[in-house]
Amino acid sequence: MTSETTSAPNFIRNQIREEVEAGRQGKIVTRFPPEPNGFLHIGHAKSICLNFGLAEQFGGDCHLRFDDTNPAKEEQAYIDAIKEDVSWLGFEWAGPVRFASDYFDQLYAWAQHLVREGKAYVDDLSPEEMREYRGTLTEAGRPSPYRERGVEENLDLLERMRLGEFAEGEKVLRARIDMAAPNINLRDPILYRIRHAHHHQSGDKWKIYPSYDFTHGQSDAIEGVTHSICTLEFEDHRPLYEWFLDNLPVPARPRQIEFARLNLNYTLTSKRKLKLLVDEGIVDGWDDPRLPTISGMRRRGYTPASIRKFCEMIGVTRADGGLVDIAMLTHALRSDLEDNAPRAMCVLKPLKVVLTNVAEDHEEVYEVAGHPAREDMGTRRIPLTRELYIDQDDFMEEPPKKFFRLAPGKEVRLRNAYVIRCDEVVKGANGEIEELRCSVDFDTLGKNPEGRKVKGVIHWVSAPHGVPVEVRLYDNLFQVEQPDKDRDADFLEHLNPESLVTVQGVAEPSLAGTAPESRFQFERVGYFCTDRHASAPDKLVFNRTVGLKDTWAKIKKKG
Ligand code: ATP
Ligand code: MG
């Protein structure tokens, strides 16, 4: 990449490097543990890059494990999408795709083990009663009247829960730890709930499902995970994570390490809220190019390299760093596309130009570099004809002083070709501009005109050879930096009504036949990518990925 690669601090990487250098750490094993209840978003990308990145860096393994303990909210479609996203980002999980549900038999055996040790019991309190007995941050909890049940009774009830003899909510299995613990997570947390639900992996085998807390650390231990990396909200769960490891015959001793989650301005990073946008039809599915989902970003035109670069730039700390500026993400994107996207000319809002001193059947073709710095991208052929299109924005009938593009009586250079002068503006019955009649100065190909300076250069496309294209101009989905700042306020109120504007443009003929998911820089306009679904080689649909102006690079220079 052309721009500097800035790496921010990563305390977990530093810590592991120290462990490795001191010879205290063998092969490291990490895992990425998504719950398959939605698509992955840019926040998950931070966790993916961290976990897979550490494994890559230290020659270890990273597992992909679905944390699938809540069948009601989970779907196979999410599993498939998550696998595709991780692979697209360029990471490979070690071994098979894993599921917490693979360990349900072992977890159940361990639940029985706790019961036998007097460290778990079946509780009949209702959810409301349980809440009431739990106490508060300042008040100790009270023991449930069922807390002293005998081992045999507990084993029998647990087995009958498993067999489906009780209704949902009638009973739960709880750990028997300490109802007066200052950390509420240790006040006899729930290990199993009754759920008569069909599970996407285990089918109808189970009528009870383990809680997140009872599942996560033991799954880590079963898999030999060495560093179990999660976001800060799990810090208070760490004592419980360790309690299970201390009280069960687990085969390994993983360590939980917490880091601050990523929050981006103008962006929602909550699966629940993204799902609402999808379910309400406000966006075009989970991979709508306006969503911060990995598949949405992919459809928008983001590259895996740009997302990985961004995750490196933001670093990993324990300090809740507040909001990251989305300009940093688009900076990483631009610097990748600047180097790797071929150039093309495309007119988004066509205005017809007739070159009056060019013959009807005249045609000359320029051979132009596909990329200014990449010979490997070859050349493209650009025909000039009597009729062409320029962009409506590049012409003004009454231009202000510093307008260096086309205006009546003024000159401008057609990119890669001649200087032209606008001689006449032709209008329709309603006064709207129909076409410009211009003349070519044939003495200006590749050189400046004698004695006068032409400052402006505009892009253009031959009218008879141009390829019609649909262009979807995407913008931020939300108008405010933190759409979900106020918990109660409806974030839907902050939707940007102009987040998608569709125009019919004309592209240079070299783009004919472009495959879906191809990225370009439209010169002077921005970066664009053919849509994965809607675009076909004979019917091109482009998504605007990002504009050319890099505000982050500017901020950095000033700062
Ligand atoms: P959401 O709040 O969107 O539902 P989640 O944390 O419940 O996200 P999981 O599928 O459980 O979603 O997340 C998988 C992993 O990704 C977890 O280890 C989680 O900590 C991490 N993760 C989720 N969101 C972020 C974020 N914004 N920044 C960094 N890591 C994240
Ligand atoms: Mg989660």
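Order of appearance sets the numbers: ligands from 1, and atoms from 1 within every ligand. In what follows, residues are counted from 1 in the order of the sequence shown.
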Could you verify whether a donor N or O on one side chain and an acceptor N or O on the other, from [X] and [Y], lie under 3.5 Å apart?
{"X": "D188", "Y": "Y121", "value": "yes"}
{"X": "Q76", "Y": "D80", "value": "yes"}
{"X": "Q521", "Y": "Y527", "value": "yes"}

Item checked: salt_bridge(R299, D284) N-O dist < 4.0 Å -> yes
Item checked: Over 12 foreign heavy atoms within 6.0 Å of CD, E498 -> no
Test your reading of the structure: does [X] have an N or O sitting under 3.5 Å from an N or O of ligand 1?
{"X": "G43", "result": "yes"}
{"X": "R31", "result": "no"}
{"X": "R272", "result": "no"}

Option set [options], criterion heavy-atom distance to [atom], minimum:
{"atom": "atom 14 (C) of ligand 1", "options": "A45, S270, P34", "answer": "P34"}
{"atom": "atom 24 (N) of ligand 1", "options": "K275, H41, K73", "answer": "H41"}
{"atom": "atom 5 (P) of ligand 1", "options": "R65, R261, H44", "answer": "H44"}
{"atom": "atom 15 (C) of ligand 1", "options": "F39, F259, F32", "answer": "F32"}

Notebook entry, point to check: Can you list the ligand 1 atoms lying under 4.0 Å from a non-hydrogen atom of K271?
Noted result: 1 (P), 3 (O), 4 (O), 8 (O), 9 (P), 10 (O), 12 (O)
Note to self: Show, in sequence, the C-alpha distance, side-chain angles and deciding distance for D287 and R300, and conclude whether the salt bridge (charged side-chain N to carboxylate O under 4.0 Å, His left out) test is met.
What the structure shows: CA-CA 9 Å; D287 67 349; R300 176 86 170 245; over 6 Å; no
